[in-house]
Amino acid sequence: MEIPLPPPLRGAGPGLHDLLRARRSRRRFAPDPLPLEIAADLLFATQGVTSHDGKRAAPSAGATFPLETYLVAGAVTGLDPGVFRYLPPSHRLVRVREGDVRAALAEASLKQSFLAVAPLTVALAADYARTVRRYGDRSNRYVPMDAGHAAENFLLVAEAL
């Protein structure tokens, strides 16, 4: 079952230079659940479709789009805890795993305990074959760049929100 998300980019925020100056890693989170609207904005910034020809918010080498985006939800209003795959063309989520997996994620991530209490985590996976078909061995450089672009978009929008 697909879960529709609220429309992305709800309003104007600070300018890019302000965001760049303010962006910092944060590992303490408010106790309140995050609204689904914030999760939707973060997912859209990471891999959302921004044009009629399928281009996305983050650049991709040759528009091969090797990334798959997952939302690990622990405390998101309107979502039961679980893991969801983001579907960029329709801006929807599909549940791929039920239950709160944040503690297991923290353990698997070299015991980064803040992940166990983060209301959400966005995880990126890559299907290298999508980029290999076009670029061969160079994909080993291009796919990590795609992930870096998507992650930076996520971080800037998180700072703005």
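Keep in mind it's a predicted model, so treat the numbers as computed, not measured. We use all heavy atoms of the structure for the numbers below, so side chains are in, but hydrogens, waters and symmetry mates are not.
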Under 3.5 Å, sequence neighbours excluded: what are the donor-acceptor pairs made by side chains of residues 52-59?
from	atom 1	to	atom 2	distance (Å)
Asp53	OD1	Ser51	OG	2.3
Asp53	OD2	Lys55	NZ	3.2
Arg56	NH1	Gln47	OE1	2.9

Handout entry: Heavy atoms from other residues, nucleotides or ligands near CZ of Arg23 exceed 12 (cutoff 6.0 Å)
Key = yes
Exercise for the section: Considering non-hydrogen atoms only, spot the tightest contact between Val76 and Pro119 and give its length. Expected result: CG2-O, 3.8 Å
Practice task
Could you tell me whether the side chain of Pro6 reaches within less than 4.5 Å of the side chain of Leu36, counting heavy atoms only?
Solution key: yes
Fill in the blank from the handout: Here the pair of heavy atoms bringing Ala39 nearest to Leu120 is CB-CD2, 3.8 Å
Practice task
Report yes or no: do Thr131 and Ser139 form a side-chain donor-acceptor pair below 3.5 Å?
Solution key: no
Handout entry: Same apolar cluster (I L V M F W Y, side chains within < 4.5 Å links), Val132/Tyr135
Key = no
Practice task
Keeping the roles fixed (side chain from Asp100, backbone from Gly74), state whether a donor-acceptor pair exists under 3.5 Å.
Solution key: no
Handout entry: All salt bridge (Lys or Arg N to Asp or Glu O under 4.0 Å) counterparts of Arg21, not counting sequence neighbours
Key = Asp18
Problem - Within one Ile-Leu-Val-Met-Phe-Trp-Tyr cluster: Leu42 and Tyr70, side-chain cutoff 4.5 Å - result: no
Practice task
Could you grab the distance from atom OG1 of Thr64 to atom CZ of Arg133, nearest 0.5 Å is fine?
Solution key: 9.0 Å
Handout entry: Atom CZ of Arg26 with >12 non-hydrogen neighbours under 6.0 angstrom
Key = yes
Fill in the blank from the handout: Between Ala106 and Ser113, the two heavy atoms sitting closest are CB-CA, 4.3 Å
Exercise for the section: State which residue, out of Asp41, Leu71, Val157, Leu124, fulfils the side chain to side chain contact (heavy atoms under 4.5 Å, CB included) condition with Thr46. Expected result: Leu124
Exercise for the section: Determine whether Val72 and Leu115 make a side-chain contact, defined as any pair of heavy atoms from C-beta on separated by less than 4.5 Å. Expected result: no
Exercise for the section: Is it possible for you to say whether Tyr128 and Phe65 belong to one hydrophobic cluster, with membership spreading through side-chain heavy-atom contacts below 4.5 Å? Expected result: no
Problem - Approximate separation, where rounding is to 0.5 Å, of Thr77 OG1 and Asp32 CG - result: 8.5 Å
Handout entry: Same apolar cluster: Phe84 and Leu87, side chain cutoff 4.5 Å
Key = no
Exercise for the section: Would you check if Phe29 and Leu34 make a side-chain contact, meaning some heavy-atom pair closer than 4.5 Å? Expected result: no
Exercise for the section: Quick one: sort the Phe44 and His91 rings into parallel, tilted or perpendicular, breaks at 30° and 60°. Expected result: perpendicular
Fill in the blank from the handout: So CZ of Arg141 and CG of Asp146: to nearest 0.5 Å the spacing works out to 13.5 Å
Handout entry: Rounded distance [0.5 Å steps], CD in Glu159 versus CZ in Phe154
Key = 11.5 Å
Problem - Interatomic distance, Leu156 atom CG to Leu161 atom CG [nearest 0.5 angstrom] - result: 11.0 Å
Handout entry: Any side-chain heavy-atom pair of Leu93 and Arg95 under 4.5 Å
Key = no
Problem - Value rounded to 0.5 Å, distance of CE in Met1 from CD1 in Ile3 - result: 5.0 Å
